[in-house]
S.K.: 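Below is the structure I would like to discuss, written out as structure tokens.
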Amino acid sequence: MPRPYHERLNFMTELPLRVISHGTVGPKMVLPHWHQAVELAYAFKGRPGTVHIGGSTYEMAEQHLYVVNSEVVHSYETFLDEDNQIVTLLLPAAWVRNVVASEQLPVWGPLDLDLRAEPYHELGQFVHTLATNAVTEPTERADYLASLGAEYQLVGQLLKHLTVNGRVTSDQLPLPHSLRQAVTMIQENYSQPVSIADMATELNYSSVYFSRYFKEYMGVSPKAYLGQIRLERATQLLMTSQDSIQKIALRTGFRTEKNFFVTFKQHFQMTPKTYRERYAAQQTWS
């Protein structure tokens, strides 16, 4: 069972910044989640897909950087191949606070940066250095030192050009506690019938307000989020188990195999059987 989506990231590496190349794994859906780190998603090549940050959606474009502040909900729908690639940079919140000598994390924006535009040229150079070294996996000490230097220069550029001192939007704010409870409840019960109205009542909201409040921060309605969880879990089982498609449908909360088939094909433009045959190896996105 997928556990929520407060990700506990391990930064116990020589460099405090974690840089992840996501490879060429085909279709990849990453559910709405949050963690105690600033996430910078860099479209290294092509147009790899869609990123949702809070209630906003961006179509990822090459040499654009997408900024996710710490504990802000975000998700991805991507197709990754040789021509469409993403590199993620994760800055742990504790490290950022130490670097800026403050207990309060800075809030950064705008969230979609074209690194070819002024005043982001220098920021783009540092991001590209880190991304290139992540993709090519260099072994030279000089490349390590270049990455280390780029790391601190990166934070300097973020502080210089992206720090927001005025009003911020919900897309830049941490997920409220009540919505974290709602996410946990959906995550723990996705395989069973889930009543959004009952959940709203349990959290002391009206159904209408709860759905609007949830979508403001999560980018999708509670019902749509539930559907995403079921689909994501189904894709994992298709790639990592020998269970029949009917069994997978029932295990992941779909009423019938036909309902699963129709929903899956609408989302992935292929049948569950084709998906299983084409993408047999499980991939991981932290």
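Residue indices begin at 1 and follow the sequence shown. Computed from heavy atoms alone, side chains included, the values below leave out hydrogens, waters and symmetry copies.
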S.K.: For the residue pair F264 and F260, does the interplanar ring angle fall in the parallel (under 30°), tilted (30 to 60°) or perpendicular (over 60°) class?
M.R.: perpendicular

S.K.: Can any side-chain N or O of R276 pair as donor or acceptor with the backbone N or O of S241 at less than 3.5 Å?
M.R.: yes

S.K.: Can you check whether T169's main-chain N or O pairs, donor with acceptor, with Q172's side chain at less than 3.5 Å?
M.R.: yes

S.K.: Find the distance between OG1 (T274) and NZ (K265) and round it off to the nearest 0.5 Å.
M.R.: 8.0 Å

S.K.: Hey, what do you get for CG (L90) to OG (S70), rounding to the nearest 0.5 Å?
M.R.: 10.5 Å

S.K.: Nearest heavy-atom pair of V220 and A224: which atoms, and what distance?
M.R.: CB-CB, 4.0 Å

S.K.: Could you measure the distance from the CD atom of E257 to the CD1 atom of I248? Nearest 0.5 Å is fine.
M.R.: 10.0 Å

S.K.: Ring centres of F44 and H128 under 6.0 Å apart?
M.R.: yes

S.K.: When you compare the side chain of N69 with that of L111, does any pair of heavy atoms fall below 4.5 Å?
M.R.: yes

S.K.: Look up atom CD in Q36 and atom CD in E71, then write down how far apart they are to the nearest 0.5 Å.
M.R.: 5.0 Å

S.K.: Would you please say whether a donor-acceptor pair under 3.5 Å links the side chains of T50 and E59?
M.R.: yes

S.K.: Could you see if L226 belongs to whatever hydrophobic cluster contains L250? Use Ile, Leu, Val, Met, Phe, Trp, Tyr and a side-chain cutoff under 4.5 Å.
M.R.: no

S.K.: Rounded at 0.5 Å granularity, tell me how far OH in Y66 sits from CD1 in I53.
M.R.: 8.5 Å

S.K.: For N98, does its backbone N or O pair with a side-chain atom of S102 as donor and acceptor, under 3.5 Å?
M.R.: no

S.K.: How would you list, by chain and number, every residue that makes a ring pair (Phe, Tyr, Trp, His ring centres under 6.0 Å) with F126, sequence neighbours excluded?
M.R.: none

S.K.: With distance as the sole criterion, is a donor-acceptor pair present between the side chains of T24 and D81 under 3.5 Å?
M.R.: no

S.K.: Under 3.5 Å, is there a donor-acceptor pair between the Y225 and Q187 side chains?
M.R.: yes

S.K.: Enter the distance from L158:CG to L40:CG here, rounded to the nearest 0.5 Å.
M.R.: 6.0 Å

S.K.: For a quick test of reading the model, state the closest non-hydrogen atom pair linking L80 to P48 and the distance between them.
M.R.: CD2-CB, 3.8 Å

S.K.: Would you say the side chain of T88 lies within less than 4.5 Å of the side chain of H22, judging by non-hydrogen atoms?
M.R.: yes

S.K.: State, with a plain yes or no, whether a side-chain heavy atom of R97 is found less than 4.5 Å away from one of P106.
M.R.: no

S.K.: For the rings on H33 and H74, is their centre-to-centre separation under 6.0 Å?
M.R.: yes

S.K.: If every non-hydrogen atom of L115 is compared with every non-hydrogen atom of G124, which pair is closest and at what distance?
M.R.: CD1-CA, 3.7 Å

S.K.: Under a 4.5 Å cut-off applied to non-hydrogen side-chain atoms, are Q181 and E202 in contact?
M.R.: no

S.K.: Not counting sequence neighbours, which residues clear side-chain hydrogen bond (donor to acceptor under 3.5 Å, both in side chains) with W95? List them please.
M.R.: none

S.K.: Indicate if I196 and Y209 have the same hydrophobic cluster label, given that clusters are the connected sets of ILVMFWY residues with side-chain heavy-atom separations under 4.5 angstrom.
M.R.: yes

S.K.: Checking side-chain polar atoms at under 3.5 Å, does H52 have a donor or acceptor matched by the opposite partner on T57?
M.R.: yes

S.K.: Check the side chains of Y205 and S178 for a donor-acceptor pair under 3.5 angstrom, ignoring hydrogens and angles.
M.R.: yes

S.K.: Are the side chain of R230 and the backbone N or O of Y190 linked by a donor-acceptor pair below 3.5 Å?
M.R.: yes

S.K.: Considering non-hydrogen atoms only, spot the tightest contact between A182 and L203 and give its length.
M.R.: CB-CD1, 3.7 Å

S.K.: Assigning hydrophobic clusters by single linkage (Ile, Leu, Val, Met, Phe, Trp, Tyr; side-chain heavy-atom cutoff under 4.5 Å), is F254 placed with V262?
M.R.: no

S.K.: Is there a salt bridge (charged side-chain N to carboxylate O under 4.0 Å, His left out) between K273 and E277 once you walk through the steps?
M.R.: CA-CA 6 Å; K273 182 176 184 291; E277 291 171 348; 2.7 Å; yes

S.K.: Should the pair E232-K28 be classified as a salt bridge under the 4.0 Å nitrogen-to-oxygen rule?
M.R.: no

S.K.: Determine whether a donor-acceptor pair (N or O, by modelled atom type, separation under 3.5 Å) exists between the side chain of R47 and the backbone of N84.
M.R.: no

S.K.: Are W34 and V72 close enough that some pair of their side-chain heavy atoms sits under 4.5 Å apart?
M.R.: no

S.K.: Looking only at the aromatic ring of each residue, does the gap between the centers of H161 and H121 stay below 6.0 angstrom?
M.R.: no

S.K.: Answer whether the closest heavy-atom distance between the side chains of V68 and V73 falls below 4.5 Å.
M.R.: no

S.K.: Write out all pairs satisfying salt bridge (charged side-chain N to carboxylate O under 4.0 Å, His left out) with one or both partners inside residues 110-125, taking only residues at least two apart or from two chains.
M.R.: D114-R116

S.K.: Given side chains that start at C-beta, do those of S56 and D171 come closer than 4.5 Å, heavy atoms only?
M.R.: yes

S.K.: Does any part of the side chain of F210, heavy atoms only, come nearer than 4.5 Å to the side chain of P222, both counted from C-beta?
M.R.: yes

